[in-house]
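Just follow the structure's listing: the first ligand is 1, and inside any ligand the first atom is 1. Computation of the quantities below employed the complete heavy-atom set of this structure, encompassing side-chain atoms and omitting hydrogens, waters and symmetry-equivalent molecules.
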Amino acid sequence: MVLTSELEKHFPVELVSLLRAAGDLAWSRGWNLYLVGGAVRDLFLARPNLDLDLVLEGDAIALARKLAEIRGGEVVAHPRFGTAKFRQERISLDLATARSESYPRPGALPVVTPGTIGEDLFRRDFSINTMAIHLDPIHFGALLDPYGGRGDLDRGLIRVLHEKSFSDDPTRMLRALRYEQRLGFHLEPNTEQLMRRDAAVMDEVSGERLWHELELILNEQCPEKVLSRADELGVLQKLHPALKGNGWLRNRFEQARRASAAAKPSPALYLALLAYCLSQEENEDLLARLRIRGEIAKVMRQTIKLKQVLSALASPRLAPSAIYHLVQRYSPESISAAALASDSRLVRQRLKLYLTELRHIKPALSGDDLQAMGISPGRKLGQVLRALHDAKLDGKVQTREQEEDLVRELLG
Ligand code: ATP
Ligand code: MG
């Protein structure tokens, strides 16, 4: 099958011309160049994808540099891996030398040696990702499909290439579910069985790699679908036994998307929703297992703490200033998560009030203004500022003049 016209229809002209140039350059040095992986899959699925992976039976870094020299563009080389990233405006090409991989033990990183395109395709995860397109001038556009990827795309199947695929690299379980849900595909039945069989090997994978996969899941359009499938197959429990990909989560993730001003909610908000269902101890276990640190860990911890003060937010009469002081020390993602997750309508309303209005309300008078009115810096000034802020939150003062009146009243 020759896909020249498909390539021309699917990709911008300048990209096709660049691919031809790269293929010609490689060929002139006696090397074969191929377009591989996700880009070929997405070409057949007519899904836009301008992050292209190229595999070369030859020196990928040398080719990338030569291409940039002739056609313009920037190259970042990774000599340790024999890979290079080529960028030119909106185009990004990842060039790699064809390689073969072997796994010293389940879940460990592979040992990599240079190989043929055949070996390079065999080391890949699923049949739909193992197709390649020749880019050399003689065979330009010809499809290479040794594992029936085309047929599996038509049938909507995610299929591993061999029995040991998941035990070699258990992160492929999460990858499989990510593609399955993104594309609306199904696991091929034997692949599903192998996943159930090998789920326990997930325990051998480093926290960093699991975290990377979880981030990729949370960047999908509908992460909850991947999580509930992972739950069903016993894979989610391997991240932490208390994690649930149930209807509650689906519902909350969908609401998070509807409420989001951006194209999609931040991973931090999704993680806060996950944390909301955990005890503090379970959350600490999860953070340690996945080596989650920094801002995200903070948001997850705060979500659990915030959950513990929510009952106070349910008391019948609460001034806006009281709501403000109950929640203001928590991160916006934690508050947003609680505003989606709480069972109490009143609590949800109050958290939304905080997020949309209260947190933006500030008095017109500043500390400097108060000093100009004769209050010297110190405790008193802090008290007056807070009283002003509360009065403003509670609608007792509106204008600057009213604030000044209040200050004079407070000073007696
Ligand atoms: P996406 O649209 O998610 O980027 P992709 O197919 O481009 O999809 P990448 O994660 O960018 O996926 O990886 C590029 C290619 O490398 C894949 O198509 C697959 O062939 C291969 N690959 C990636 N991760 C693995 C893995 N863990 N095991 C085997 N092959 C992998
Ligand atoms: Mg990719």
Counting only heavy atoms, which portion of Arg178 has something under 4.0 Å from ligand 1: side chain, backbone, both, or neither?
side chain
Can you check salt bridge (charged side-chain N to carboxylate O under 4.0 Å, His left out) on Glu180 and Arg182, steps first, answer last?
CA-CA 6 Å; Glu180 186 193 51; Arg182 181 201 294 176; over 6 Å; no
With a cut-off of 4.0 Å, which atoms of ligand 1 are near a heavy atom of Asn129?
6 (O), 18 (O), 19 (C), 20 (O)
For atom 7 (O) of ligand 1, closest protein heavy-atom neighbour:
Gly38 CA, 3.8 Å
Scan side-chain atoms only and decide if Thr130 and Ser127 contain a donor-acceptor pair under the 3.5 Å cut-off.
no
Parallel, tilted or perpendicular: ring planes of Tyr324 versus His389, cut at 30 and 60 degrees:
perpendicular
Just to confirm my output: which protein heavy-atom neighbour is closest to atom 30 (N) of ligand 1, and how far is it?
Asp125 N, 3.1 Å
For Arg41, take its heavy atoms, then give the atoms of ligand 1 lying under 4.0 Å from any of them.
1 (P), 2 (O), 5 (P), 6 (O), 8 (O)
Please report which non-hydrogen protein atom sits nearest to atom 22 (N) of ligand 1, along with the residue it belongs to and the distance in Å to one decimal place.
Arg175 NH2, 3.8 Å
Looking only at protein heavy atoms, what sits closest to atom 14 (C) of ligand 1 is Asp53 OD2, 3.5 Å
Is the shortest distance from atom 18 (O) of ligand 1 to a protein heavy atom below 4.0 Å?
yes
As an exercise, identify every atom of ligand 1 less than 4.0 angstrom from a heavy atom of Arg182.
1 (P), 2 (O), 3 (O)
To check your reading of the model: name the closest protein heavy atom to atom 27 (N) of ligand 1, its residue, and the distance in Å.
Asp169 OD2, 2.8 Å
In the protein, what heavy atom is nearest to atom 15 (C) of ligand 1, and what distance, to one decimal place, separates them?
Arg124 NH1, 3.6 Å
Do Tyr270 and Phe253 make the cut of ring centroids closer than 6.0 angstrom?
yes
Checking a contact table here: which protein heavy atom is nearest atom 28 (N) of ligand 1, and how many Å away?
Arg172 NE, 2.8 Å
What part of Tyr179, side chain from CB on, backbone N/CA/C/O, both or neither, has a heavy atom under 4.0 Å from ligand 1?
side chain
Answer yes if the ring centres of His134 and Tyr34 are under 6.0 angstrom apart, and no otherwise.
yes
At less than 4.0 angstrom from any non-hydrogen atom of Gly37, what atoms of ligand 1 do you find?
18 (O)
